[in-house]
**Student:** 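Sharing a structure here in structure tokens format.
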There are 2 protein chains.
Amino acid sequence: MATGRTHRPATRSRGIPEATVARLPLYLRALTALSERSVPTVSSEELAAAAGVNSAKLRKDFSYLGSYGTRGVGYDVEYLVYQISRELGLTQDWPVVIVGIGNLGAALANYGGFASRGFRVAALIDADPAMTGKPVAGIAVQHTDELEQIIADNGVSIGVIATPAGAAQQVCDRLVAAGVTSILNFAPTVLSVPDGVDVRKVDLSIELQILAFHEQRKAGEETGTPDEAASAQSAAPADAITPGAAAAAPAPLAPHRAAPGAGTDNGRQGPDGDVPAVMPA
Amino acid sequence: MATGRTHRPATRSRGIPEATVARLPLYLRALTALSERSVPTVSSEELAAAAGVNSAKLRKDFSYLGSYGTRGVGYDVEYLVYQISRELGLTQDWPVVIVGIGNLGAALANYGGFASRGFRVAALIDADPAMTGKPVAGIAVQHTDELEQIIADNGVSIGVIATPAGAAQQVCDRLVAAGVTSILNFAPTVLSVPDGVDVRKVDLSIELQILAFHEQRKAGEETGTPDEAASAQSAAPADAITPGAAAAAPAPLAPHRAAPGAGTDNGRQGPDGDVPAVMPA
DNA sequence: CCATCTTTGTGCACGCGTTCACAAAGACAT
DNA sequence: ATGTCTTTGTGAACGCGTGCACAAAGATGG
């Protein structure tokens, strides 16, 4: 109010909280849907419901962008779509390269969501010579050797890594060296990049494990006791540690309850620590 | 109702912070790698580096699980692998169904990370009759009609949705009705589920948009704050939509911005609000 | 058995994000 | 105009997560 939004109260450019940025795409999607139905305006309440968030949170989020609503009425859909798009930088064209054209890479290449929001697949790159030239999603796959050239020619600043874990860091380094400053990583590895480069990761395995955790917790609650406490700490890590000896089998200590599946496959090995996010191509 | 379910009241005595749970899989991966190299023990500092987190944070995270370390030495790798696996519920078998066998669904089915951590693909389901019986990743695709039966027969409690956005909610409802209580959603839609059901979403488009935002900001800083204050406020929402403004602001930044001269592009269409996460099968 | 050195476990403070609750702003009817 | 009603925008409180800094625990060496 006082400041209203006169001279971008500093809350502006640098201000938008990360959490808010992460939700803008969500609002944008909901708004786009409304726009297609020719809905002229929406209240924070309605839009919040559509986006699956709290209305107060939504209003606060929008407040970081400026005062784009009208009290007593709501927000103008079209206008808001434009404002958010602009804020997210979707009004410009973002050429993207996808490295690693395995199952996942191909799926990404075909993903319609790319093109629909200002993202353009500038090239598909794979290390397998057999893939070179092969068309995927209408685009001919190019060999890794061309990577630097492709990045430069197309002014690519966003790269998507869908290679096996083992190749991810190397690919990442090359992308960064070539000028890419934002990376979306699908490989199950922690990438190290220099300052100034953003990395976001999407990890299937992790998501499933988190679900498993909650699932287990739910199951435990239902049936009387999670027991946890029992084996919790008492399991005397003291003797189990034996550094030099490195007790070969850690399993024996906590008998724990018999798992439903009983499949104590625990000892899986996976040749490379963690399986690639996608087939090696 | 609402998008329901997110965090519980937190009254949980055995309450491991959500943020910690989300990192456990990360630690587990790093530990598994060490285990394969037969490294007996590791310090919080080393492990933290491998997992890409702060060592203090790692120690605090582990403290929620109990005191599994030895001062002056570090943590016993094997023992910790076991403890975390147990905590995450990975010592048991989790049958999973994947619904929507398009490009993405197929990629997921082939994803090695599934089997390697106690997750077992119990079935692949698709609505397209043409897909039925077709083997994907060594498993015959089954028709949606069988969904309920499959869930029941296999005791599935985790479902993965990789269908187009339009079918997601319906599939979700059926999964939940059939007994699934955890869902990993790849479709670009907000799913509403009853309380007690957990939903985690993986949204490609959103990740890219977030990257674009930062990318834009970075570009803007380089050249000297573009600052879109231009079309800032009141400008009658109605006509303001005409993105003539676009030209004014972010022009000089993007290295490429091959955007069509006619900034009017803004209205990129995207017929269905948001394209499916994967090709329709 | 004692001294020293290493590394964990955690108390504490800080900052971000969420939520509540309400005054102000505007639409709309009279 | 004026009053009523709706909905925004935001101040303030609260809670979670993060990171610092350090005491305690235990290993190691003499």
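Numbered from 1 within each chain, the chains take letters A, B, ... in sequence-line order. Quick caveat: nothing in here was measured; it's all calculated off a predicted structure.
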**Student:** Classify the side chain of A/R71 and the base of D/dT7 as holding, or not holding, a donor-acceptor pair under 3.5 Å.
**Tutor:** no
**Student:** Tell me, do B/L211 and A/R200 make a side-chain contact under 4.5 Å, heavy atoms counted?
**Tutor:** yes
**Student:** The side chain of B/S43 is closest to which nucleotide in this list: C/dT18, C/dT8, D/dT7?
**Tutor:**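 Of all the options, the side chain of B/S43 is nearest to C/dT8.
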**Student:** Distance criterion of 3.5 Å, no angle test: do you see the side chain of B/K60 paired donor-to-acceptor with the base of D/dT18?
**Tutor:** no
**Student:** Would you say B/N54 reaches D/dC20's phosphate, i.e. side-chain N/O to OP1/OP2 under 4.0 Å?
**Tutor:** yes
**Student:** Could you tell me whether B/F62 contacts a base, only the sugar-phosphate backbone, or nothing, with contacts defined as non-hydrogen atoms closer than 4.0 Å?
**Tutor:**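 Answer is nothing: B/F62 stays at 4.0 Å or more from every strand.
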**Student:** B/S44 side chain N/O closer than 4.0 Å to the phosphate oxygens (OP1, OP2) of C/dT8?
**Tutor:**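 Yes, because at least one side-chain N or O of B/S44 sits under 4.0 Å from OP1 or OP2 of C/dT8.
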**Student:** If only side-chain N and O atoms of A/R59 are considered, is one of them under 4.0 Å from the OP1 or OP2 phosphate oxygen of D/dG11?
**Tutor:**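 The answer is no; no side-chain N or O of A/R59 sits under 4.0 Å from OP1 or OP2.
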**Student:** Please lay out, stage by stage, how A/Q83 and A/Y79 fare under the test side-chain hydrogen bond (donor to acceptor under 3.5 Å, both in side chains).
**Tutor:** CA-CA 6 Å; A/Q83 289 300 340; A/Y79 186 57; 3.0 Å; yes
**Student:** How do B/A56 and A/D61 order along DNA chain C: which one's closest nucleotide is nearer the 5' end?
**Tutor:** B/A56
**Student:** Does A/E18 or A/G72 map to a spot on DNA chain C nearer the 5' end, using the closest nucleotide for each?
**Tutor:** A/E18
**Student:** What is the distance, to the nearest angstrom, from the CG atom on B/D76 to the C1' atom on D/dA27?
**Tutor:** 16 Å
**Student:** Would you mind reading off the distance between A/E45 atom CD and C/dT19 atom P, rounded to a whole angstrom?
**Tutor:** 13 Å
**Student:** Without decimals, in angstroms, what is the distance between B/L65 CG and C/dG9 P?
**Tutor:**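 About 10 Å, once rounded to whole Å.
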**Student:** Distance check needed: C/dT10 P versus B/K57 NZ, whole Å only.
**Tutor:**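 Those two atoms, NZ and P, are 18 Å apart.
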**Student:** What ring pair (Phe, Tyr, Trp, His ring centres under 6.0 Å) pairs are there with at least one residue in residues 23-60 of chain A, not counting sequence neighbours?
**Tutor:**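 Counting only pairs at least two positions apart or across chains, the ring pair (Phe, Tyr, Trp, His ring centres under 6.0 Å) contacts touching residues 23-60 of chain A are A/Y27-A/F62.
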**Student:** Under a 4.5 Å cut-off applied to non-hydrogen side-chain atoms, are A/S205 and B/Y111 in contact?
**Tutor:** yes
**Student:** Round to a whole Å and report the spacing from CG of A/L58 to C1' of D/dT7.
**Tutor:**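 So the two atoms are 12 Å apart, to the nearest Å.
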**Student:** Whole-Å distance between D/dG9 P and A/Y68 OH?
**Tutor:** 11 Å
**Student:** Under 4.0 Å: is that the gap between some side-chain N or O of A/Y75 and OP1 or OP2 of D/dG9?
**Tutor:**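 Result: yes.
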**Student:** So do the side chains of A/L90 and A/L28 get within less than 4.5 Å of each other, counting heavy atoms only?
**Tutor:**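 Side chain of A/L90 against side chain of A/L28, heavy atoms only: contact under 4.5 Å found.
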**Student:** Picking from C/dG9, D/dT10, D/dA27, which would you name as closest to the side chain of B/T70?
**Tutor:** D/dA27
